[in-house]
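Only heavy atoms go into these numbers, but all of them, side chains included; no hydrogens, no water, no symmetry mates. Order of the sequence lines sets the chain letters (A, B, ...), proteins ahead of strands, with each chain counted from 1.
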Amino acid sequence: MTAELERTIEALLFLSAEPVDAAALADATESDLHEVVTAVERLREHYEFERRGLVLRELAGGYVLATHPDAEPAARRLLARPRTPPLTPAQAETLAIVAYLQPVSRPEIARIRGVNAESAAATLLERGLVEEAGRSQFGAILYRTTDLFLRLFGLRSIDELPDSSEFDPSPEIEAELRDRLMRAGEARAGTG
Amino acid sequence: MTAELERTIEALLFLSAEPVDAAALADATESDLHEVVTAVERLREHYEFERRGLVLRELAGGYVLATHPDAEPAARRLLARPRTPPLTPAQAETLAIVAYLQPVSRPEIARIRGVNAESAAATLLERGLVEEAGRSQFGAILYRTTDLFLRLFGLRSIDELPDSSEFDPSPEIEAELRDRLMRAGEARAGTG
Amino acid sequence: MRLIDLELDLDVFAGPFDLLLTLILREEVDLLEVDLAEIVISYIDHLERRGELDLEAATEFLVLIAALLELKSRLMLPGEEEEEIDLDPGEAAEELLVRLLDAHRYRAVAQHLSRTLEAESGHRFRSAPLPPWLRRASLPDAIAVYDPRALAAALGGLLELPPPVDVRHMTVAKVSVSERLAHLRAMLRHGSFTFDAAVARVDRVTVAVTLFALLELYKQGELTWTQDEPFGEITIDAPVRSRELSA
C-alpha cells in the first residue's frame, strides 16, 4: 500500500511535462514541504529498489519522471526515432560557448570559433537548447541555455557544469601553440 | 524486483500518449504476444494492489497509462491554469455564431465570417465552450454551446442571450438572422 | 595535415604559413600588404591536393585567419591612423595565442557535452499533452468571466454589410469592338492606310479596342498589315488576293 501523498505526487509528476519543484508539489497536495521531500524520496527509492521501468530525477530545478535507460532499445523500436539526435561538432561547440559564457552574443561565439555560428545557433534555438536573452550594449542578440538544456544534459542547474578550467588545454599544448606562433618562425626567420 | 518485460512495458506506456496495442508492444520488446498480455496484466495488478498513483487502462486502441482519479483535485491545483483567457475577435465571432444559430455547421460559420473557422472552433472545443451536436443533412459536423458556456457567460439558459437587435447595425432589413448573416458574410467575401 | 605544411606563394611572401604568421607578428611583413583571401585560396587548393580534411588543423586555420582578418581590419579602420595605433607584436601574438587556447578549450567542452548528451539520451521524458479534463475550466467551479454582450457585439459586426464598391473613378468604356470594326472596314474601302491614321485623336482605351478590332479582321482574312520594325508605322492593306481580284 502506497501512502496517499506518494501516490498523488506520482500522479502529478506523470502529468507534468516540465520538472515540478517541491514547493509547487506542496501547494498542490496541500502538504508541508518536508513531507513532500520525504514522499518524493520514497517514490524515488520505490522505482529504484523495485527496479521499475521509471526513474525519478531531479533536473532543471525540479522533479521529473523519465524512463529507465534499459528500456531505450524497445522505446526506439516503438517510437521509431532517437529521442535526441546527437549534436554536430559545430552545434556542440556553439552550445559549449553559450553554456559557459552566457549570456553571450553571436559575434563573440563566431570570434571564438573562427567561423560564423549562424546555422548552428539557429538549430540550437530551434531545438530549444538555447534561447535569446536580450541584447548586448552593441545591439547584438545574446544567448543563454534553457531548462530543456538542463533536462537533456541531466543537470539540476547550470552550476553543475564542470569547471571550465577542467578543459584548459594541457601546458604541453599551450607551450606547443606558443612555440608555433613565435619560436618556430623565428628559427627560420629570414629563410622565407 | 520487477520482471524485465513488465518494466519495459511500463516505460513504453509512460512514453506513449496514445493507447498501444499488445502487438506493437510485442514487436518493440521482441516478445511473444501472450508474454506481453501476461506482463501487462501484472503491471495493471501492481498499480491496483499497491495503490499506486497510476492506473493501466485497456481502451479500444490498446493499453494506456492514466492517473488515479484520487489525484484529480491536486492535479487541478497544480496544472489547471484558468482556461478562460479573453476571447480573440475570431473566437468571439465564432462563438457568437454558434450561440445564436445553434446548431450550426463549420462551413456555415466559415461562410458568415468570410474566413476559415478551423482554429477558433478548435480552441472553443478544447476549452469546452462548444461541443459537437451531430451532423447536418450534408454530413457536416454541427456545433452547439455547452453548459460550461452558460456558466462562464453567467447565463441560466441560452434564451438569456442579449437580443441581437440591440446590436443590429441596420434593423430595417427584415429577414431571418441566419439569412442576413449569410448574406453579409458573402458580401464581405465578395461572392454575393 | 599540419598548418606548417601550407606553402604560400603570395606577392609579398613565399614560404610556409607559420613563418608568415611569425613574420607578421614580428612586423617583418606588413599585415596591410598581405592578401588574406589569397591565403585562404592557397589553403583550399592545398586541401584539394591532399584530398583529406584534418578537422583539427582546419579549425586552427580558421581561428588564425579570422584573427588575422580582425587585426587587419582594425589596422585599416579610418581615423585610427592619427592615433598611430600600431600593432604591438607581443600583444598580437598573445591575442592569437588566447584565441587558439579558447578554441581548444571549447572544443574540449563540446566533446564533453556531446558525451553527456549521449549518456543521458537513454532517459526519455513523457511529452503527452494534458488530459482533456485538465485543459478546460471545471463546470462546478466555473464562474461568469465573460460578458454576453461581447457575443451580441460580435454578431452585430457580422451583420454589417460592407459599403457598396464605388466604381465611379473607373473610366466607363465608351467604345465597342463592333464600332471599331465598322470604322476599320470603312477606312479599308478607301485603300491602304496607317494605324496612326485609324486612331488619330482618340483616347487610349479606343486605341486598344481598335487594335483588338484589327486583330479580329486579320484573323477573318479581311486585311493584312505590315510593320518594318518594332514600334514602327503599321500599314494596313486589303488582303493580297482581294487586291489582285480588284486589280
Side-chain angles (χ1 to χ4, degrees), chain A residues 1-31 35-36 39-40 42-43 46-56 62-83, chain B residues 1-31 35-36 39-40 42-44 46-57 62-81:
Chain A
M1 282 281 286
T2 311
E4 184 64 26
L5 184 56
E6 184 184 332
R7 63 197 290 254
T8 305
I9 288 173
E10 183 174 43
L12 294 182
L13 295 183
F14 174 82
L15 289 172
S16 304
E18 303 294 320
V20 191
D21 65 27
L25 290 175
D27 278 352
T29 58
E30 300 179 325
S31 315
E35 291 174 332
V36 165
V40 165
R42 272 206 303 270
L43 186 58
H46 163 74
Y47 291 141
E48 187 177 332
F49 297 160
E50 303 286 321
R51 282 181 45 87
R52 304 300 312 173
L54 306 181
V55 294
L56 191 153
Y63 304 109
V64 65
L65 296 185
T67 54
H68 194 284
D70 287 353
E72 174 59 17
R76 198 166 293 199
R77 283 189 290 268
L78 180 70
L79 305 171
R81 61 188 147 81
R83 213 188 69 73
Chain B
M1 282 282 286
T2 311
E4 186 65 26
L5 184 56
E6 184 185 334
R7 62 196 293 254
T8 304
I9 289 173
E10 182 174 43
L12 295 182
L13 294 182
F14 171 81
L15 293 174
S16 304
E18 301 296 322
V20 190
D21 64 28
L25 290 174
D27 278 352
T29 57
E30 299 180 327
S31 313
E35 290 173 334
V36 166
V40 165
R42 272 206 302 272
L43 186 58
R44 198 189 60 67
H46 163 76
Y47 292 141
E48 187 177 333
F49 298 158
E50 301 287 321
R51 280 182 47 86
R52 303 300 312 170
L54 305 181
V55 294
L56 192 153
R57 292 225 183 94
Y63 307 108
V64 69
L65 291 188
T67 53
H68 194 285
D70 288 354
E72 243 185 68
R76 263 187 216 292
R77 282 190 290 270
L78 180 68
L79 298 165
R81 282 162 203 91

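- With sequence neighbours excluded, the residues forming a side-chain contact (heavy atoms from CB on, under 4.5 Å) with A:Val40 are A:Ile9, A:Leu25, A:Val36, A:Leu56, A:Tyr63, listed by chain and number.
- Comparing B:Glu72, B:His68, B:Glu4 by how many heavy-atom pairs each has under 4.5 Å with chain A, the most go to B:His68.
- Chosen from B:Leu12, B:Leu43, B:Thr8, the residue pairing most often with chain A at heavy-atom distances under 4.5 Å is B:Leu12.
- For A:Val55, no part lies under 4.5 angstrom from a heavy atom of chain B.
- A salt bridge does not link B:Arg7 with A:Glu50: none of the charged nitrogens is closer than 4.0 Å to a carboxylate oxygen.
- In this structure, CD in B:Glu10 is found 7.0 Å from OH in A:Tyr47, a value given to the nearest 0.5 Å.
- Chain B forms the most heavy-atom pairs under 4.5 Å with one residue out of A:Thr29, A:Asp70, A:Val20, A:Leu15, and that residue is A:Leu15.
- For A:Arg52 and B:Glu6, the salt-bridge test passes: some basic side-chain N is under 4.0 Å from an acidic carboxylate O.
- With sequence neighbours left out, the side-chain contact (heavy atoms from CB on, under 4.5 Å) criterion links A:Asp27 to no other residue.
- For the set A:Ala74, A:Ala66, A:Ala71, the entry with the most heavy-atom pairs within less than 4.5 Å of chain B is A:Ala74.
- Among all heavy-atom pairs drawn from A:Leu78 and B:Ser16, the shortest one is CD2-OG, 3.6 Å.
- Other residues, nucleotides and ligands contribute more than 12 heavy atoms inside 6.0 Å of the CZ atom of B:Arg77.
- In this structure, chain A has heavy atoms under 4.5 Å from both the backbone and the side chain of B:Leu65.
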